[in-house]
2 protein chains.
Amino acid sequence: MLSRREQDTYSFICHYIAEYRQGPLLEEIATGLGIKSKGVVHRYVQSLAKSGVIELMPGRHRGIQLAGEGNHDDSAPVLPLLGRIAAGAPIEAIPDQQEINLADFFIAPGRFVLKVQGESMIDAGILPDDMVVVESCMTARNGEIVVALVDQQEATLKRFKNNQDGTVTLIPENSNMQPMVFDAHRVHIQGVLVGQMRSYC
Amino acid sequence: MLSRREQDTYSFICHYIAEYRQGPLLEEIATGLGIKSKGVVHRYVQSLAKSGVIELMPGRHRGIQLAGEGNHDDSAPVLPLLGRIAAGAPIEAIPDQQEINLADFFIAPGRFVLKVQGESMIDAGILPDDMVVVESCMTARNGEIVVALVDQQEATLKRFKNNQDGTVTLIPENSNMQPMVFDAHRVHIQGVLVGQMRSYC
DNA sequence: AATATAGAGAACTTTTAGAGAACTTTCAAG
DNA sequence: CTTGAAAGTTCTCTAAAAGTTCTCTATATT
């Protein structure tokens, strides 16, 4: 199990190699992570090597490689992205075959999924039985769609607006329903909507 | 076997790991359970380890793992499914922690993704810039949403209806647009819609 | 009364994180 | 091939954060 800074280090190395096609210098990692001592970085890199996620060529400049590339790659959740489809036009092919990775699309720590019941967000394209991906957080910006807990008991999915006067408005995206105004202290935000998905099977 | 608070502790740990993909701190558990002393939490955690439902890496920060998941696949595209959300009701928790696997959800051979342009399916909850997952096939059943090629040049996303008289109807789900009837031989189905997803970032 | 559960909190140890100096090795320019 | 700057390695030191080990209290149950 990697510590927080070890994960940061590994992430930096992965991005660096993806971009520059070679291992980073210890000092580049240090700069990238906001660390001043390359000795510290060296310790993290050794630890990553010990846990097997990178391989080292000891002593060599830029002697960091990712371990086992293509190791569990075949299971990557990817689908080909063929292009755009618009009514009345041929499918507009996207040059050089792109892939979309579902993991990149939706997955991150602190996210979870809820299944939607009811039609309160139907005008925002969120239908009953859709899955919504929510990222845990306690604040939201105006216009974001949030999971909010009212009076510690009612949880709802609504568009959020802070009225800057001690009240907030929760707006259902359904022309048959009315926006609701609450004292801010009655509303606790549990997360903001970051994704939505639906299966037709 | 487990006392009430030990069960609470175990439940919190399970949910935390599902959401954040790492063990919680003792103090995070304490806050989550409304306990002020991390020493108390430590006692519960030790007890859980002794009864075998979790595994500890003694001394380590965040050194709590669920038993039997020592070599869990970190790269699996999964998100925790916490429950259902309906306007006006608390989140209805789903008993025993479920996970949804994005790969199972969408990925299969013969599927591809298209990015939607235009508003022709807006009443079906498919908005511009949504991604739609399409399964290649040449026939469709009534009511399915299809990618159809008209006169070998126009590709559209519409709901499909076979009129059983040598014609088919392509129905846009948009109250401002009209269904269109074509001779069946002018319409070639390229695939049927099996999924849809949207990112709000 | 004895025991199990539940919690507060202090004291202590270990892990994690970082700074920086001294040293050795690599590598490219001359 | 030499050589010196650049890069990697190995230390020691510090501090904050997190885990561990206690003792003490309280309440409910047998």
Side-chain angles (χ1 to χ4, degrees), chain A residues 1-67 109-110 136, chain B residues 1-67 69-70 74:
Chain A
M1 186 91 319
L2 303 179
S3 73
R4 183 173 58 86
R5 289 307 251 171
E6 286 166 355
Q7 290 178 45
D8 293 345
T9 304
Y10 179 62
S11 172
F12 181 90
I13 291 170
C14 290
H15 286 111
Y16 189 99
I17 290 178
E19 186 168 351
Y20 299 104
R21 305 255 147 230
Q22 60 176 351
L25 301 177
L26 294 185
E27 300 203 30
E28 290 173 328
I29 298 174
T31 303
L33 300 183
I35 294 171
K36 285 169 192 161
S37 161
K38 62 179 177 176
V40 172
V41 175
H42 182 259
R43 196 203 301 144
Y44 293 147
V45 168
Q46 291 299 319
S47 174
L48 291 175
K50 198 163 295 177
S51 69
V53 297
I54 62 172
E55 281 171 12
L56 295 183
M57 308 163 70
R60 300 304 204 76
H61 296 188
R62 300 184 182 279
I64 299 175
Q65 290 176 300
L66 296 180
S136 289
Chain B
M1 189 72 84
L2 300 182
S3 73
R4 182 174 60 86
R5 289 308 250 170
E6 285 168 354
Q7 289 178 41
D8 293 346
T9 304
Y10 179 62
S11 172
F12 181 91
I13 291 169
C14 290
H15 285 89
Y16 188 99
I17 290 177
E19 189 168 336
Y20 296 101
R21 306 252 122 215
Q22 62 178 348
L25 302 177
L26 294 185
E27 300 201 28
E28 290 173 328
I29 299 174
T31 303
L33 300 184
I35 295 172
K36 285 171 191 160
S37 162
K38 61 180 177 175
V40 172
V41 175
H42 182 258
R43 195 203 301 143
Y44 293 146
V45 167
Q46 291 299 319
S47 174
L48 291 175
K50 200 160 295 179
S51 68
V53 297
I54 62 171
E55 282 170 12
L56 295 183
M57 308 163 73
R60 300 302 211 75
H61 296 189
R62 302 184 181 278
I64 298 175
Q65 289 177 299
L66 296 181
E69 294 193 2
D74 217 14

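Here is the naming used below: chain letters follow the sequence lines, and residue numbers restart at 1 for every chain. Computed from a predicted structure; not experimentally measured.
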>> Once rounded to the nearest 0.5 Å, what's the spacing between atom CD of B:Gln7 and atom CG of B:Leu48?
In response: 9.5 Å
>> Any base atoms under 4.0 Å from B:Gly59, or only sugar-phosphate, or nothing? Heavy atoms, all strands.
In response: sugar-phosphate
> Looking only at side-chain N and O atoms, does A:Ser3 come under 4.0 Å of OP1 or OP2 in C:dT15?
Replying inline: no
> If you look at every strand shown and take non-hydrogen atoms under 4.0 Å, does B:Arg43 touch a base, only sugar-phosphate, or nothing?
Replying inline: base
> Would you say C:dG7 has OP1 or OP2 under 4.0 Å from some side-chain N or O of B:Arg5?
Replying inline: yes
> If you round to the nearest 0.5 Å, how far is CZ of B:Arg4 from OG1 of B:Thr9?
Replying inline: 10.0 Å
>> As a test of reading the structure: which of C:dA8, C:dG18, D:dA18 is closest to the side chain of A:Val40, going by heavy atoms?
In response: C:dG18
> Rounding to a whole Å, what distance do you find between B:Leu56:CG and C:dT14:P?
Replying inline: 17 Å
> What integer distance in Å separates A:Leu25:CG from D:dG8:C1'?
Replying inline: 10 Å
>> Using whole Å, what does the distance between atom P of nucleotide C:dA28 and atom CZ of A:Arg60 come to?
In response: 10 Å
>> Checking contacts here: which listed nucleotide (D:dT9, D:dT20, C:dA6) is nearest the side-chain heavy atoms of B:Leu26?
In response: D:dT20
> What do the steps show when you test A:His15 against A:Glu19 for side-chain hydrogen bond (donor to acceptor under 3.5 Å, both in side chains), and what is the final call?
Replying inline: CA-CA 6 Å; A:His15 286 111; A:Glu19 186 168 351; over 6 Å; no
>> Side chain of A:Lys38, heavy atoms from C-beta onward: which of D:dT20, C:dA17, D:dA7 has the nearest atom to it?
In response: D:dA7
>> Could you tell me how far apart A:Arg62 (CZ) and D:dA7 (C1') are, to the nearest whole angstrom?
In response: 10 Å
> Given C:dA17, C:dT16, D:dT20, which nucleotide is nearest the side-chain atoms of A:Tyr44?
Replying inline: C:dA17
>> One thing to verify: whether B:Glu28 and B:Lys38 come together as a salt bridge, which I'm taking to mean a side-chain N less than 4.0 angstrom from a carboxylate O.
In response: no
> On DNA chain C, nearest-nucleotide positions of A:Glu6 versus B:Ser37: which is more 5'?
Replying inline: B:Ser37
> Roughly how many Å is it from CD in A:Gln22 to C1' in D:dA7, rounded to a whole number?
Replying inline: 13 Å
> Does a nitrogen or oxygen in the side chain of A:His42 sit under 4.0 Å from OP1 or OP2 of D:dT9?
Replying inline: yes
> Which of these nucleotides, D:dT9, D:dT21, C:dG7, is closest to any side-chain atom of A:Pro58?
Replying inline: D:dT9
> Within this structure, what is the NZ-to-P distance between A:Lys50 and D:dT9, rounded to whole angstrom?
Replying inline: 13 Å
> Do you know the tightest heavy-atom contact between A:Arg5 and A:Leu33?
Replying inline: NH2-O, 2.8 Å
> Once you round it to whole Å, what is the distance between P of C:dA21 and CD of A:Glu27?
Replying inline: 13 Å
> Can you tell me how far C1' of C:dG7 sits from CD of B:Gln46, to the nearest Å?
Replying inline: 17 Å
